Amino acid sequence: MKTKTLPKRLEAVEAFLSRLEKAKALLREGRVEPLGGSLYLVQGSRPYLVDLEEASCTCPDWGRGHACKHLVAAYLHEKEKKPKERRVEVRV
């Protein structure tokens, strides 16, 4: 029986979801350190510098053109810092 392979786009989604889970783990483990402005130091197998403004990371995975787990972890950290919008319904 032949196994069906995922189309390229689904493979990319699967790869990103894997990176997302790893990014969440980095965040939970306290391995994401804001340096000020848009810069973060994210401790993976070694420390990597992430710049959210440039959407860049010094890791090899980002160098291959992927949205690396370090960049995603820094983004999640930044997102957590911002106060969540609250919607208030006003009835007249």
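If you're wondering where the values come from, they're calculated on a predicted model, not measured in any experiment.
- Within the 4.5 Å cutoff, the side chain of L71 has no heavy atoms near those of the H66 side chain.
- Between R19 atom CZ and E21 atom CD the span is 13.0 Å, to the nearest 0.5 Å.
- In the hydrophobic clustering of ILVMFWY residues, with side-chain heavy atoms under 4.5 Å counting as a link, V42 and L39 come out apart.
- In this structure, K69 and L26 have side chains that are in contact, with non-hydrogen atoms separated by less than 4.5 Å.
- The stretch residues 24-36 participates, sequence neighbours left out, in these side chain to side chain donor-acceptor pair (under 3.5 Å) pairs: E29-R31.
- Nearest heavy atom pair, residue A23 against residue L76, reads CB-CD1, 4.4 Å.
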**Request:** Given side-chain hydrogen bond (donor to acceptor under 3.5 Å, both in side chains), test D51 with S56 step by step and report yes or no.
**Result:** CA-CA 5 Å; D51 186 340; S56 66; 4.9 Å; no

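- Note: T58 OG1 to H70 NE2 = 8.0 Å, rounded to the nearest 0.5 Å.
- For the side-chain contact (heavy atoms from CB on, under 4.5 Å) test, residues two or more places apart in sequence or in another chain that qualify with Y75 are L52, K79.
- Residues V32 and L41 have side chains not in contact (no heavy-atom distance under 4.5 Å, counting atoms from C-beta outward).
- Pairs passing the ring pair (Phe, Tyr, Trp, His ring centres under 6.0 Å) check and including a residue from residues 15-44, sequence neighbours excluded, read Y40-H77.
- Of all heavy-atom pairs spanning L27 and A73, the tightest one is CD1-O, 4.0 Å.
- Panel note: side chain W62, backbone V50; no donor-acceptor pair is recorded below 3.5 Å.
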